[in-house]
Amino acid sequence: MVVAKSWTMVRHFEGAPKPEDFKLVNTELPSLKDGELLLESEFLSVDPYIRPYSKEKLKEGDIILGSQVARVVESNNAAFPVGGYYVAYAGWTTHFISDGTGLDALPSNWPDNLPRSLALGAVGMPGVTAYYGLLEICKPKEGDVLLVNAAAGAVGSLVGQIGKIKGCKVVGSAGSDEKLTFLKEIGFDEAFNYKTVSSLAEALKTASPEGYDCYFDNVGGKFSDAALQQMKDFGRITVCGAISQYNDSVPPSGPYIQPYILFKQLLMQGFLVWTWKNRYPEAQKQLLQWIAEGKLKYHEHITNGFENMPAGFIGMLKGENVGKAIIIV
Ligand SMILES: NC(=O)C1=CN([C@@H]2O[C@H](COP(=O)(O)OP(=O)(O)OC[C@H]3O[C@@H](n4cnc5c(N)ncnc54)[C@H](OP(=O)(O)O)[C@@H]3O)[C@@H](O)[C@H]2O)C=CC1
Ligand SMILES: CCCCCCC/C=C/C=O
């Protein structure tokens with residue numbers, strides 16, 4: 001008999017998630033039926049979307065939302081042999097039974113020397129987000145100036161590097177000086193700490209006095225209010241995330257942005273990676289190639305131990321991570 005350990009939601013989050021919002025439960029899993037397989041999580045992902053999506057998708061007592069790279073340890077389904085690795089959205093759990101629905105095999109050309117955890121990061125959902133969110137909405141051209149915030153994180157660090165590959169000048173903002181050093185190491189031209197600058201408007205002007213052609217927004221809120229005013233005419237904006245607002249229970253009122261969009265003739269579009277689900281392989285192939293060529297660097301922020309998963313999640317939301325936040329079971 002296999003016992004699955006799972007993190008469940010004690011109560012809906014109010015404000016920032018807290019350790020007491022999570023409860024670890026043990027569940028004995030039943031024997032497999034025909035067509036079923038048992039998987040064991042190897043790496044789990046903690047992502048910002050868990051905070052906003054929990055409200056609509058979970059009820060109290062449910063397993064927390066999330067994805068993992070998991071190995072088949074027992075199988076009654078010939079299509080999923082023992083030893084195979086898959087990305088699943090089974091939530092925060094060490095073991096789970098599946099009939100194969102929704103399991104995504106790692107790309108077939110996965111190099112032996114690459115950690116499988118990258119299937120949750122640079123070659124997974126965040127990588128695909130950076131790839132299509134930047135290339136299909138911002139449509140960067142050689143010589144464009146690109147701005148990205150939460151720049152040292154999973155998505156932002158890839159957006160900046162893809163911008164460099166496409167010939168942009170890249171400006172990033174992040175929340176610590178350690179992160180600014182990281183951004184310079186991976187090729188950002190300019191970087192500033194949004195927590196310590198005296199004025200966001202001045203920091204944006206100093207980093208690019210001529211303004212910005214492309215803005216990849218992971219943060220929203222006051223940062224976006226300032227960034228919109230620094231856009232060049234006909235600038236393109238990908239609204240990928242709004243992490244500064246995920247803990248708000250009442251939407252804050254901000255400046256009304258229509259005049260900036262109107263008089264600068266900006267293009268601003270929301271992006272959800274699920275819309276690109278059938279084009280994952282194409283992006284993953286290119287991301288793997290850039291990694292192999294040394295053009296795309298990845299960094300992971302590892303939390304060891306399934307029991308530390310809430311701390312890893314809370315820490316990521318607070319900005320403790322450089323690169324992709326990963327839990328090793
Ligand atoms: N639309 C889509 O399909 C997808 C959207 N996303 C979005 O992209 C964004 C980045 O996700 P991901 O790369 O996985 O996460 P990150 O690895 O970037 O981790 C989150 C980061 O957000 C920053 N942050 C937290 N609170 C604030 C705040 N109040 N103001 C500014 N920055 C803050 C922190 O960095 P710092 O130290 O710099 O503050 C933290 O490290 C999120 O908004 C997420 O929701 C992600 C995947 C798919
Ligand atoms: C229930 C799974 C939701 C995955 C959402 C991926 C898009 C992310 C949006 C914001 O972070």
Side-chain angles (χ1 to χ4, degrees), residues 15-17 45-58 62-68 87-92 102 120-122 124-134 136-137 148-161 172-183 188 191-197 200 216-227 237-248 252 269-277 279-280 283 298-303 312-326:
S45 183
V46 282
D47 297 273
Y49 74 77
I50 296 166
R51 173 64 184 87
Y53 277 83
S54 292
K55 192 172 170 121
E56 70 180 73
K57 294 200 182 289
L58 293 188
D62 282 349
I63 296 178
I64 307 281
L65 296 169
S67 58
Q68 55 268 93
V87 173
Y89 277 81
W92 292 16
L120 303 172
M125 184 277 279
V128 175
T129 298
Y131 185 84
Y132 288 122
L134 180 67
E136 298 286 342
I137 297 178
V148 54
N149 47 22
V155 174
S157 60
L158 301 171
V159 167
Q161 293 182 80
S173 82
S176 74
D177 292 348
E178 176 205 2
K179 292 187 179 188
L180 302 191
T181 305
F182 168 67
L183 294 180
F188 279 60
F192 65 87
N193 182 339
Y194 73 93
K195 289 183 180 168
T196 55
V197 292
L200 281 174
F216 192 102
D217 185 14
N218 287 315
V219 167
K222 287 186 167 45
F223 191 101
S224 268
D225 293 343
I237 300 165
T238 304
V239 180
C240 174
I243 196 163
S244 70
Q245 298 170 249
Y246 291 166
N247 287 328
D248 293 343
Q269 187 176 328
F271 172 89
L272 284 176
V273 68
W274 288 131
T275 303
W276 299 84
K277 192 65 192 162
R279 287 184 61 192
Y280 263 50
Y298 60 86
H299 197 278
E300 296 182 308
H301 177 91
I302 301 291
T303 300
F313 175 58
I314 292 168
M316 178 275 300
L317 290 176
K318 283 188 194 156
E320 288 171 5
N321 59 308
V322 175
K324 176 71 188 97
I326 292 289

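Residue indices begin at 1 and follow the sequence shown. Note that ligands are numbered from 1 as they come in the structure, with each ligand's atoms numbered from 1 the same way.
Taking atom 31 (C) of ligand 1 as the reference point, the nearest protein heavy-atom neighbour is Y194 OH, 3.2 Å. Here the heavy atom of the protein found nearest to atom 8 (C) of ligand 2 is Y49 CB, 3.7 Å. The closest protein non-hydrogen atom to atom 41 (O) of ligand 1 is N321 OD1, 2.7 Å. Of the protein's non-hydrogen atoms, K179 NZ, 2.6 Å is the one closest to atom 37 (O) of ligand 1. In this structure, the protein non-hydrogen atom closest to atom 8 (O) of ligand 1 is N218 OD1, 3.2 Å. When only non-hydrogen protein atoms are considered, atom 26 (N) of ligand 1 lies nearest to L317 O, 3.5 Å. When hydrogens are left out, the protein atom nearest atom 45 (O) of ligand 1 is Y246 OH, 2.6 Å; that is the closest non-hydrogen contact. Distance from atom 11 (O) of ligand 1 to its nearest protein heavy atom, with residue and atom name: P48 CG, 3.5 Å. What sits closest to atom 22 (O) of ligand 1 on the protein, heavy atoms only, is I243 CD1, 3.5 Å. Given atom 4 (C) of ligand 2, the protein heavy atom at minimum distance is W274 NE1, 2.9 Å.
Considering backbone and side-chain N/O of K195, none are found under 3.5 Å from N/O of ligand 1. In terms of polar-atom proximity, V155 is counted as a contact of ligand 1, with an N or O under 3.5 Å from an N or O of the ligand. An N or O contact shorter than 3.5 Å is missing between A174 and ligand 1 by distance. At least one N or O atom of C240 sits closer than 3.5 Å to an N or O atom of ligand 1. For V219, no nitrogen or oxygen atom sits less than 3.5 Å from a nitrogen or oxygen atom of ligand 1, counting backbone and side chain alike.
Aromatic ring centres of Y89 and W274 lie closer together than 6.0 Å.
Using a 4.0 Å cut-off to heavy atoms of V273, the atoms of ligand 1 that qualify are 2 (C), 3 (O). Listed by atom number, the atoms of ligand 1 under 4.0 Å from G175 heavy atoms are 36 (P), 37 (O), 38 (O). Taking a cut-off of under 4.0 Å to the non-hydrogen atoms of A154, the atoms of ligand 1 that pass are 13 (O), 14 (O), 16 (P), 17 (O), 18 (O). Close approach to M125 involves these atoms of ligand 1, each under 4.0 Å from a residue heavy atom: 47 (C), 48 (C). Numbered from 1 in the order shown, with element, the atoms of ligand 1 that lie under 4.0 Å from a heavy atom of S244 read 28 (C), 29 (N), 30 (N). Within ligand 1, the atoms closer than 4.0 Å to a non-hydrogen atom of F271 are 1 (N), 2 (C), 3 (O), numbered from 1 in the order shown. If you number the atoms of ligand 1 from 1 as listed, the ones under 4.0 Å from a heavy atom of G323 come out as 17 (O). Close approach to K57 involves these atoms of ligand 2, each under 4.0 Å from a residue heavy atom: 1 (C). The ligand atoms of ligand 1 that sit less than 4.0 angstrom from a heavy atom of G241 are 7 (C), 43 (O).
A side-chain donor-acceptor contact under 3.5 Å links K179 to the backbone of N321. Between the side chain of D217 and the backbone N or O of V239, no donor-acceptor pair lies under 3.5 Å.
Contacts between A242 and ligand 1, counted as non-hydrogen atom pairs separated by less than 4.0 Å, involve the backbone only. Contact annotation for M125 and ligand 2: no heavy atom of the residue comes within less than 4.0 Å of the ligand. Under 4.0 Å from ligand 1, heavy atoms of M316 appear from its side chain as well as its backbone.
Rounded to the nearest 0.5 angstrom, E178 CD and E320 CD are separated by 11.0 Å. Rounding to the nearest 0.5 angstrom, the gap separating the CE atom in M125 from the OG atom in S67 is 6.5 Å. Here the OH atom belonging to Y246 is positioned 11.5 Å from the CD1 atom belonging to I50, to the nearest 0.5 angstrom. For the atom pair CG (L65) and OG (S54), the distance works out to 5.0 Å, reported to the nearest 0.5 Å.
The shortest distance between side-chain heavy atoms of P17 and N247 falls below 4.5 Å. Between F223 and S244, the closest side-chain pair of non-hydrogen atoms is not below 4.5 Å. Side chains of P252 and K222 form no contact here, defined as non-hydrogen atoms less than 4.5 Å apart. Between P48 and M316 the shortest side-chain heavy-atom distance falls below 4.5 Å. Contact check for L317 versus I243: side-chain heavy atoms found under the 4.5 Å cut-off. When side chains are defined from C-beta on, L200 counts as touching F192, because their heavy atoms get closer than 4.5 Å. At a threshold of 4.5 Å between non-hydrogen side-chain atoms, the residues V46 and W92 count as touching.
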Would you sort out whether F216 and I137 count as a side chain to side chain contact (heavy atoms under 4.5 Å, CB included), showing the intermediate values? CA-CA 9 Å; F216 192 102; I137 297 178; over 6 Å; no

Could you give me the CA-CA distance, side-chain angles and deciding distance for Y132 and V273, then say whether side chain to side chain contact (heavy atoms under 4.5 Å, CB included) is met? CA-CA 8 Å; Y132 288 122; V273 68; 5.9 Å; no

Go through V148 and N218 one step at a time and tell me if the side chain to side chain contact (heavy atoms under 4.5 Å, CB included) criterion holds. CA-CA 7 Å; V148 54; N218 287 315; 3.9 Å; yes

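The residue from S157, A325, G153 that puts a heavy atom closest to atom 18 (O) of ligand 1 is G153. When the heavy-atom distances from atom 9 (C) of ligand 2 to T129, L58, L272, D47 are ranked, the shortest goes to L272.
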